[in-house]
Amino acid sequence: MSSGGHRGGLNMLGVDVCLDEDKLTNAPHCPHGPALLFERYIGDTVETRRTQQYYGCSACRDRKDCDFFQNVGEKVSEASQKAREMRNNAQQPWKSHADCYSRYTRTMNAKEQERRYCHQCSLFIMPDEIKLHTNHNVTHGLSLAQMQKPSHLLKPIENKKTNAQYLFSDKAVDFLLDTISKLGFKKVLCVGAPRIHEAIQVDKLKGLESLLLDLDHRYGQFYPPDLFCRYNMCNHYFMDGDESQDVFRKFLNNDEDDDIVMVTDPPFGGLVEVIGFGVKWIMETWKQINNKDDKSSLPTMWVFPYFLESRIKACLPSFTMLDYKVAYDNHPLFQNKAKGNKKGSPVRIFTNIDASKFVLPKQEGYRYCSPCTRYVSSENHHCKQCQACTSKDGSTYKHCDVCQKCVKPSYTHCITCQRCELPTHSCNKMLQGCHICGASDHKRRECPNRGHHQRPNQSNTKKRKHQGGVSTPPKSQKLSGQTKTVAVSNQDTAQRKNISSDMKQSTSGVQKKKARNKKKNKKKWTKS
């Protein structure tokens, strides 16, 4: 992600991610598939600003999880390339998909008390392997429900900087499946949505088919190759090769028109532009396979936080946001209960399906707005001036006559800034314009001078860390030529602060405790 401020003596103005299928095809590989091409901007003034291009991991935002880094134009020796390939292979699942699924079928046929799963090895345990897992974290006596619903058995990955797994609540699953059935869809492509997939596989009576695309290889133990593909949606890469991609393409092939829908629940820490590019890539594949014209579009439901609406619509203008608040089981703030966020979950459904076709549950407080011809949440009141139901965050917005739009209830109009802001805001805050020429009427991605600004000289450093959510290179490295990019704004950092606010709340207690201990120690030192 983009991040401003000084770091290591350099003024880092942001990072662009270069989205191009050719770049992905020719990119070097890390354990998570083709790396993404990034371009970083550095400099204190327009005259000294320069860029550097490098490849970083597509899936991991923290170098501790994947330390892959390669400068554009950097020559990699044959020995280093072989060592990299060996390392990439070593970090893949040590059992094949077919072998893992055969373990599942044997475990399923065994008695309940003889069913065992090792969380440390991510493997079903065979009777002759029990001693090998003596000191491991093992779940014994697996029930039929645990075998059929792996998301209830597997421990979620909760690393917020990699592929954090937040799982739909039962209410959210029921709503999505009921809606899919009522809309007449027969096939569901589940991209990073394992609970939708497992619910369809358990309840065959609804007449739905599904295919799960997910980066977590553990799900491959519960489903055969025709029901699961290990897939990285950040670089659109099938980890198990052409056979897995053929399964995906076969599933997209419609026997009937408009009977397939895609449901995607990507990690919230991912770059919106990258995920949007992946969604469009799947849509284009669907068009090609089914010989669709340019006006056709694969029906899609993208589950993501409401405050990223503008970035999603910038990628996919045809998408609209529904008012339905998607709840999750394993996140304290993504729930609609009293113990969760007082405004309810901030997660919504973005879709290219007509919003008037979605019937939101009245028992959960949703109501139908006749002027808007769609269902809205109870607190979302219709504004006569805006001629729309304008609330986004779970509160009731108010109309500002000066701004001529609705704003959050906590905002007041600032005469100095000529817009509505929080009462505690700083007036006349300078807004950054183009990092290349300094103009305020455009951003660097539209700059006519792009590609003609100064390049940095090469220098060496051992320090390689992430900056603001994307793989960041050393302080100054050699660059190469121009490429098509999508800019990542500084706004993303603030948006991700909203997502991780629960982490801040938990760490504040620790900081207070440290302060108290420091105070106690100071008193002891004074007495002595």
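Just so you know, these numbers use all the heavy atoms, side chains as well, and skip hydrogens, waters and symmetry mates. Numbering starts at 1 and runs along the sequence shown.
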Distance from [X] atom [atom1] to [Y] atom [atom2], nearest 0.5 Å?
| X | Y | atom1 | atom2 | result |
| --- | --- | --- | --- | --- |
| Y328 | F168 | OH | CZ | 4.5 Å |
| H140 | R116 | NE2 | CZ | 6.5 Å |
| I353 | T300 | CD1 | OG1 | 7.5 Å |
| F185 | L177 | CZ | CG | 13.0 Å |
| M301 | C190 | CE | SG | 11.0 Å |
| F124 | L153 | CZ | CG | 6.5 Å |

So do the side chains of [X] and [Y] get within less than 4.5 Å of each other, counting heavy atoms only?
| X | Y | value |
| --- | --- | --- |
| L211 | C229 | yes |
| Q201 | S210 | yes |
| R106 | M126 | yes |
| D67 | F69 | no |
| F68 | C60 | no |
| T285 | Q245 | no |
| P346 | D393 | no |
| R348 | K325 | yes |

Is the distance between the ring centroids of [X] and [Y] under 6.0 Å?
| X | Y | value |
| --- | --- | --- |
| F251 | F248 | no |
| H29 | Y237 | yes |
| F277 | H236 | yes |

Just by distance, do the side chain of [X] and the backbone of [Y] share a donor-acceptor pair under 3.5 Å?
| X | Y | result |
| --- | --- | --- |
| N290 | L252 | yes |
| N352 | L298 | yes |
| S244 | G241 | no |
| H119 | N137 | no |
| R115 | A110 | yes |
| Q92 | P31 | yes |
| D329 | L167 | no |
| S181 | D178 | no |
| D323 | R374 | no |
| R84 | C30 | no |

Given side-chain contact (heavy atoms from CB on, under 4.5 Å), test Y55 with E74 step by step and report yes or no. CA-CA 10 Å; Y55 290 101; E74 179 182 342; over 6 Å; no

Verdict with supporting geometry, L123 and C100, side-chain contact (heavy atoms from CB on, under 4.5 Å): CA-CA 7 Å; L123 209 63; C100 288; 4.3 Å; yes

Which heavy-atom pair separates [X] from [Y] by the least distance, and what is that distance?
| X | Y | answer |
| --- | --- | --- |
| H217 | S122 | CE1-CB, 4.3 Å |
| K280 | C315 | NZ-O, 3.5 Å |
| F304 | F350 | O-CE1, 3.4 Å |
| P305 | F268 | CD-CD2, 3.7 Å |
| S297 | W286 | C-CZ3, 3.4 Å |
| G33 | M239 | N-CE, 4.2 Å |

Does the plane of the ring in [X] sit parallel, tilted or perpendicular to the ring in [Y]? Use 30° and 60° as the thresholds.
| X | Y | answer |
| --- | --- | --- |
| F175 | Y324 | parallel |
| Y104 | Y101 | parallel |
| Y231 | W281 | parallel |

Between D214 and Y223, is a side chain to side chain donor-acceptor pair (under 3.5 Å) present by the stated rule, with each step listed? CA-CA 12 Å; D214 204 291; Y223 304 111; over 6 Å; no

Are there more than 12 heavy atoms of other residues, nucleotides or ligands under 6.0 Å from atom [atom1] of [X]?
| X | atom1 | answer |
| --- | --- | --- |
| N135 | CG | no |
| Q113 | CD | yes |
| K287 | NZ | yes |

F228 vs H197, ring-ring contact (aromatic ring centres under 6.0 Å, His included): CA-CA, chis, key distance, verdict: CA-CA 9 Å; F228 172 77; H197 179 65; 8.0 Å; no

So, [X] and [Y], do they make that salt bridge, N to O below 4.0 Å?
| X | Y | value |
| --- | --- | --- |
| K295 | D293 | no |
| K82 | E85 | no |
| D99 | R103 | yes |

Step-by-step side-chain contact (heavy atoms from CB on, under 4.5 Å) determination, D265 to V326: CA-CA 11 Å; D265 182 28; V326 182; over 6 Å; no

Against H152, only a single residue in Q146, E198, M147 fulfils side-chain contact (heavy atoms from CB on, under 4.5 Å); can you say which?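 Only one option passes, and that is E198.
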
Could you walk me through whether R195 and S151 pass the side chain to side chain donor-acceptor pair (under 3.5 Å) test, one step at a time? CA-CA 7 Å; R195 284 214 164 162; S151 70; 2.9 Å; yes

If only side-chain N and O atoms count, and only distance matters, is there a donor-acceptor pair under 3.5 Å linking Q221 with Y117?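 Result is yes, a qualifying pair exists.
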
Test T107 against E114 for side-chain contact (heavy atoms from CB on, under 4.5 Å), laying out the working first. CA-CA 8 Å; T107 303; E114 295 176 355; over 6 Å; no

